[in-house]
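Written out below as structure tokens is the structure these notes cover.
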Amino acid sequence: MECDCDDTGCDVREKFIFVMLLTIKAFSRMFYRLDVSWIGDAPEDPWTNLRLIAFLNHTSLYEPLFVGGFPNRFLKKIAYQGLMPVADKAMRRPVMGYFFRMVAKNVVQVTRKRDNSWNRVLETMKPDSMVIIMPEGRMKRATGLDNRGKPMTVLGGIADVILAIPNGMMLITLSAGLHHVQVPGQWIPRIFKTLRMRLQEVDIARYRQELLAKNGYDGFKKAVIRDLEDRRDRYCVN
């Protein structure tokens with residue numbers, strides 16, 4: 001859902017999203033223990049110039065609970081500047097579909113087909129957008145595989161986003177998984193569990209330059225996939 005309303009309507013939507021995120025944060029802190037920390041030294045101020053959030057190890061529809069580990073100004077950026085592609089399958093869910101439509105300022109419905117839905121994500125990006133993406137594009141089941149029984153891989157769409165953003169920072173969030181809270185198909189989540197996540201911050205321009213220098217444009221997408229899968233497999237541990 002792209003926000004193409006007038007200024008007053010957009011402001012109401014953004015405020016609603018921000019309040020909703022604050023409510024989820026309060027719920028998360030009340031019923032869960034948050035273990036969110038940086039890999040290595042924490043950046044001096046990691047929340048000021050974020051343009052891309054890459055969420056790795058997608059395991060559950062309840063991953064918004066992780067907002068309990070983030071500062072309010074980050075949640076405000078999601079509400080006022082967030083751009084999030086969401087799978088059409090998730091958007092069609094009776095209850096959760098409405099939630100996903102309101103999870104960020106601009107929500108773009110995408111499919112797994114070779115159509116122009118991914119191009120709409122790139123076309124919706126603005127100079128101040130903060131793109132929030134789950135690069136694997138699907139959820140890991142309790143078997144450790146996707147719903148087709150195949151290994152979880154990073155899809156190439158995130159490489160297009162990295163090429164399209166001139167500068168700023170990418171926040172890589174590495175979830176330890178939420179199958180102990182909710183597995184796909186389970187309605188009611190378990191409470192009083194620990195939610196673990198590790199964070200890394202990467203300069204987008206430097207990251208892009210280094211991978212292009214080593215791999216060229218033809219190998220850039222595969223290099224991004226390889227790098228993110230390596231980070232996921234190294235740090236997404238229980």
Side-chain angles (χ1 to χ4, degrees), residues 34-60 62-70 74 77-78 82-85 87 118 121 130-146 150-181 194-238:
L34 279 298
D35 177 8
V36 179
S37 61
W38 293 90
I39 296 171
D41 295 332
E44 184 174 338
D45 188 2
W47 313 109
T48 56
N49 194 27
L50 290 175
R51 296 294 316 282
L52 175 59
I53 313 299
F55 184 98
L56 289 168
N57 200 28
H58 179 28
T59 61
S60 169
Y62 282 82
E63 282 154 349
L65 289 170
F66 278 115
V67 302
F70 292 94
F74 176 69
K77 285 178 73 72
I78 296 175
L83 167 60
M84 186 172 181
W118 184 250
V121 176
M130 183 176 74
V131 182
I132 305 151
I133 185 172
M134 296 179 175
E136 293 153 317
R138 60 217 188 277
M139 280 192 295
K140 181 195 292 184
R141 268 47 186 183
T143 60
L145 306 173
D146 67 14
K150 296 182 179 180
M152 293 291 290
T153 56
V154 170
L155 304 181
I158 189 170
D160 299 329
V161 177
I162 292 170
L163 287 173
I165 297 176
N167 49 51
M169 306 302 291
M170 171 170 60
L171 178 66
I172 303 173
T173 67
L174 301 133
S175 163
L178 286 189
H179 284 157
H180 62 303
V181 173
T194 298
L195 315 182
R196 293 185 174 87
M197 174 177 282
R198 298 295 174 259
L199 307 175
Q200 285 185 316
E201 194 170 72
V202 175
D203 183 281
I204 294 172
R206 186 178 302 131
Y207 182 77
R208 178 175 58 243
Q209 182 179 6
E210 289 176 354
L211 292 188
L212 284 173
K214 293 179 181 178
N215 305 277
Y217 278 97
D218 290 341
F220 180 75
K221 185 168 291 189
K222 288 184 178 179
V224 171
I225 292 171
R226 189 165 54 246
D227 175 71
L228 293 180
E229 288 181 350
D230 178 67
R231 293 173 193 260
R232 179 199 63 192
D233 297 342
R234 188 185 310 174
Y235 297 116
C236 289
V237 294
N238 294 323

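Sequential numbering from 1 along the given sequence is applied to the chain's residues. Keep in mind that the numbers below use all heavy atoms, side chains included, and drop hydrogens, waters and symmetry copies.
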Quick one: closest heavy-atom pair of [X] and [Y], and the distance?
{"X": "Asn49", "Y": "Gly168", "value": "ND2-CA, 3.4 Å"}
{"X": "Gly156", "Y": "Lys221", "value": "O-CE, 3.5 Å"}
{"X": "Arg226", "Y": "Asn215", "value": "NH2-OD1, 3.6 Å"}
{"X": "Pro166", "Y": "Arg208", "value": "O-NH2, 2.8 Å"}
{"X": "Ile132", "Y": "Pro85", "value": "O-CD, 3.2 Å"}
{"X": "Ile162", "Y": "Ile204", "value": "O-CG2, 4.0 Å"}

**OP:** Please lay out, stage by stage, how Leu171 and Phe70 fare under the test side-chain contact (heavy atoms from CB on, under 4.5 Å).
**Re:** CA-CA 12 Å; Leu171 178 66; Phe70 292 94; 4.3 Å; yes

Original post:
For Asp218, does the CG atom sit with more than 12 other heavy atoms under 6.0 Å from it, leaving out its own atoms?
Top reply: no

Find the distance between [atom1] ([X]) and [atom2] ([Y]) and round it off to the nearest 0.5 Å.
{"X": "Ile165", "Y": "Leu52", "atom1": "CD1", "atom2": "CG", "result": "5.0 Å"}
{"X": "Leu155", "Y": "Ile225", "atom1": "CG", "atom2": "CD1", "result": "7.0 Å"}
{"X": "Arg141", "Y": "Asp146", "atom1": "CZ", "atom2": "CG", "result": "7.5 Å"}
{"X": "Glu201", "Y": "Trp38", "atom1": "CD", "atom2": "CH2", "result": "5.0 Å"}
{"X": "Tyr235", "Y": "Leu199", "atom1": "OH", "atom2": "CG", "result": "12.5 Å"}
{"X": "Leu83", "Y": "Ile53", "atom1": "CG", "atom2": "CD1", "result": "11.5 Å"}

Is the shortest side-chain heavy-atom distance between [X] and [Y] below 4.5 Å?
{"X": "Glu229", "Y": "Met152", "value": "no"}
{"X": "Ile78", "Y": "Met84", "value": "no"}
{"X": "Val224", "Y": "Ile158", "value": "yes"}
{"X": "Leu174", "Y": "Ile39", "value": "yes"}

Original post:
Only one of Arg232, Lys140, Glu136, Glu63 clears side-chain hydrogen bond (donor to acceptor under 3.5 Å, both in side chains) with Asn57; which?
Top reply: Lys140

Subject >> Full working for side-chain contact (heavy atoms from CB on, under 4.5 Å) between Leu56 and Val154 >> reply: CA-CA 9 Å; Leu56 289 168; Val154 170; 4.1 Å; yes

Subject >> Full working for side-chain contact (heavy atoms from CB on, under 4.5 Å) between Leu228 and Ile172 >> reply: CA-CA 9 Å; Leu228 293 180; Ile172 303 173; 4.1 Å; yes

**OP:** Classify the ring geometry between Phe55 and Phe66 as parallel (under 30°), tilted (30 to 60°) or perpendicular (over 60°).
**Re:** tilted

Original post:
So, the side chain of Arg138 versus the backbone of Thr153: is there a donor-acceptor pair under 3.5 Å, distance only?
Top reply: yes

Subject >> Whether His180 side chain and Thr194 backbone form a donor-acceptor pair below 3.5 Å >> reply: yes

**OP:** Before accepting this row, confirm whether a basic side-chain N of the pair Arg198/Asp35 lies closer than 4.0 Å to the acidic partner's carboxylate O.
**Re:** yes

